[in-house]
Peer 1: 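Would you mind keeping the following structure in view while I ask a few things?
Numbered from 1 within each chain, the chains take letters A, B, ... in sequence-line order.
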Amino acid sequence: MMEPLLTARDLHLSFGASPALAGASVDVAPGEILALLGPSGSGKSTLLHCLAGILVPDSGEVGYRGIRLDRLSDDLRSELRRSDFGFVFQFGSLVPELSAVENVALPLRLAGHKRRTAEARALEWLERLEVGEVARKRAGEMSGGQGQRVAVARALVAGPRVVFADEPTGALDSLNGELVMDLLVGAAREQGTSIVLVTHEPRVAAYADREVVLRDGALALTVGA
Amino acid sequence: MSVPLTLLGLLQVRPRHGYDLKRAYDAHFGHDRPLKPGQVYSTLGRLERDGFVVVSGTDRDGGPDRTTYAVTAEGVTDLDRWFAEPEGPAAYLQPVLFAKVVLALQSGRDAAQVLDAQRAEHLVAMRELTALKKDADLDRVLGLDFALFHLEADLRWLEHTAARLDRLGKELAR
């Protein structure tokens with residue numbers, strides 16, 4: 001495996017008395033699509049949140065391009081998330097008060113781009129994800145599948161190095177789930193973006209280059225190179 | 001479903017005579033299709049001929065004499081190979097996977113490892129099928145989807161079973 005982009009080493013994290021991670025270690029290579037599988041409560045979402053710098057482990061190391069994420073301040077981690085990472089969640093990824101194009105333009109606006117430039121680029125991404133027609137609609141006025149494709153556009157618009165996707169198809173039927181995965185994976189492959197994907201659906205995990213199965217907060221099985 | 005390997009597995013748990021073997025098989029694996037007595041004895045004959053079982057004694061138990069069979073070292077090696085090798089990810093695997101899990105637990109093998117090896121085999125197959133879907137015509141895609149949905153169902157069963165191994169082990173030990 002080439003030099004990893006992201007590394008987790010021996011992560012432990014407990015919420016109160018219950019351990020969510022108990023010695024989890026994993027690497028993510030540049031451009032790699034990694035799926036985290038496992039039963040509910042196995043720690044897969046917690047591992048994703050630690051890799052993304054949303055949560056800080058109680059012990060262990062999280063590295064991103066030579067930076068110790070677990071040692072950065074909250075502010076620096078937030079900045080890094082904005083500049084280098086994209087996110088897609090199962091529900092509620094979009095800001096309900098904003099239109100689709102405003103939602104997708106948001107990461108660019110936060111990075112200091114002018115509204116007109118940001119929205120033009122956002123519109124290109126909406127069209128690429130085949131949802132150009134909902135550009136002026138708000139989240140409540142779109143179908144679930146359209147909303148997730150808008151969320152994928154927003155995750156990718158600023159050219160992140162990593163997209164973190166937590167059950168991105170969990171609320172979709174199988175056809176819409178497949179469409180979202182085809183578009184997400186296709187776009188990520190084109191621009192060399194890594195994806196860390198949490199899913200309980202093997203058909204979704206099958207888009208990955210490598211699957212790891214978590215059990216009781218640690219890796220139980222790795223499938224793939 | 002491999003009847004010879006399943007019978008061999010049951011004989012590794014303990015030596016048994018033909019009727020006892022049929023009873024054990026039917027109790028765990030023969031709900032829908034119990035073994036015919038003739039099938040048990042013909043299979044035992046073949047296993048003995050191939051050196052996988054030997055006659056270990058006779059058991060009278062108040063009735064007529066019954067020949068008891070036990071697994072040989074060669075038979076154990078054959079079983080080890082069966083447990084270690086995941087099944088090809090084909091349709092209708094559940095009976096053989098279930099037999100492997102039950103017999104692994106009963107013979108003191110690592111049943112979780114049997115399930116994990118199978119899970120890896122299935123995930124690899126699913127990844128290959130998913131890759132084939134890219135740029136394929138719709139009729140081909142639908143055929144691949146059929147295989148993918150079936151493999152996914154198997155995987156869900158594997159996960160479900162993995163989560164219940166402790167309980168299954170306890171029930172089998174009763």
Peer 1: Which one wins on heavy-atom pair count under 4.5 Å against chain B: A205(A), G38(A), P202(A)?
Peer 2: P202(A)
Peer 1: Distance-only criterion, 3.5 Å: show the donor-acceptor pairs between side-chain atoms of residues 59-68 of chain A and protein atoms not counting sequence neighbours.
Peer 2:
{"residue": "E61(A)", "atom": "OE2", "partner": "R68(A)", "partner atom": "NH1", "Å": "3.4"}
{"residue": "Y64(A)", "atom": "OH", "partner": "D84(A)", "partner atom": "OD2", "Å": "2.5"}
{"residue": "R68(A)", "atom": "NE", "partner": "D70(A)", "partner atom": "OD1", "Å": "2.9"}
{"residue": "R68(A)", "atom": "NE", "partner": "D70(A)", "partner atom": "OD2", "Å": "3.4"}
{"residue": "R68(A)", "atom": "NH2", "partner": "D70(A)", "partner atom": "OD2", "Å": "2.9"}

Peer 1: For A112(B), what residues pass the side chain to side chain contact (heavy atoms under 4.5 Å, CB included) criterion, not counting sequence neighbours?
Peer 2: D110(B), L165(B)
Peer 1: Where does A35(A) contact chain B at under 4.5 Å (heavy atoms): side chain, backbone, both or neither?
Peer 2: neither
Peer 1: Assess whether atom CZ of R189(A) is packed by more than 12 heavy atoms of other residues, nucleotides or ligands within 6.0 Å.
Peer 2: yes
Peer 1: In residues 113-125 of chain B, which residues are in contact with chain A at a heavy-atom separation under 4.5 Å?
Peer 2: D116(B), R119(B), A120(B), L123(B), V124(B)
Peer 1: Checking an interface table here. Which of residues 170-187 of chain A come within a heavy-atom distance under 4.5 Å of chain B?
Peer 2: S174(A), E178(A)
Peer 1: For chain B, find which of V223(A), V213(A), L37(A) contributes the most heavy-atom pairs closer than 4.5 angstrom.
Peer 2: V223(A)
Peer 1: To the nearest 0.5 Å, what is the distance between CZ (R203(A)) and NZ (K133(B))?
Peer 2: 7.5 Å
Peer 1: Measure the CZ-NE2 distance between R156(B) and H200(A) for me, rounded to the nearest 0.5 Å.
Peer 2: 5.5 Å
Peer 1: Relative to chain A, which segment of K134(B) carries a heavy atom at a distance below 4.5 Å: side chain, backbone, both, or neither?
Peer 2: neither
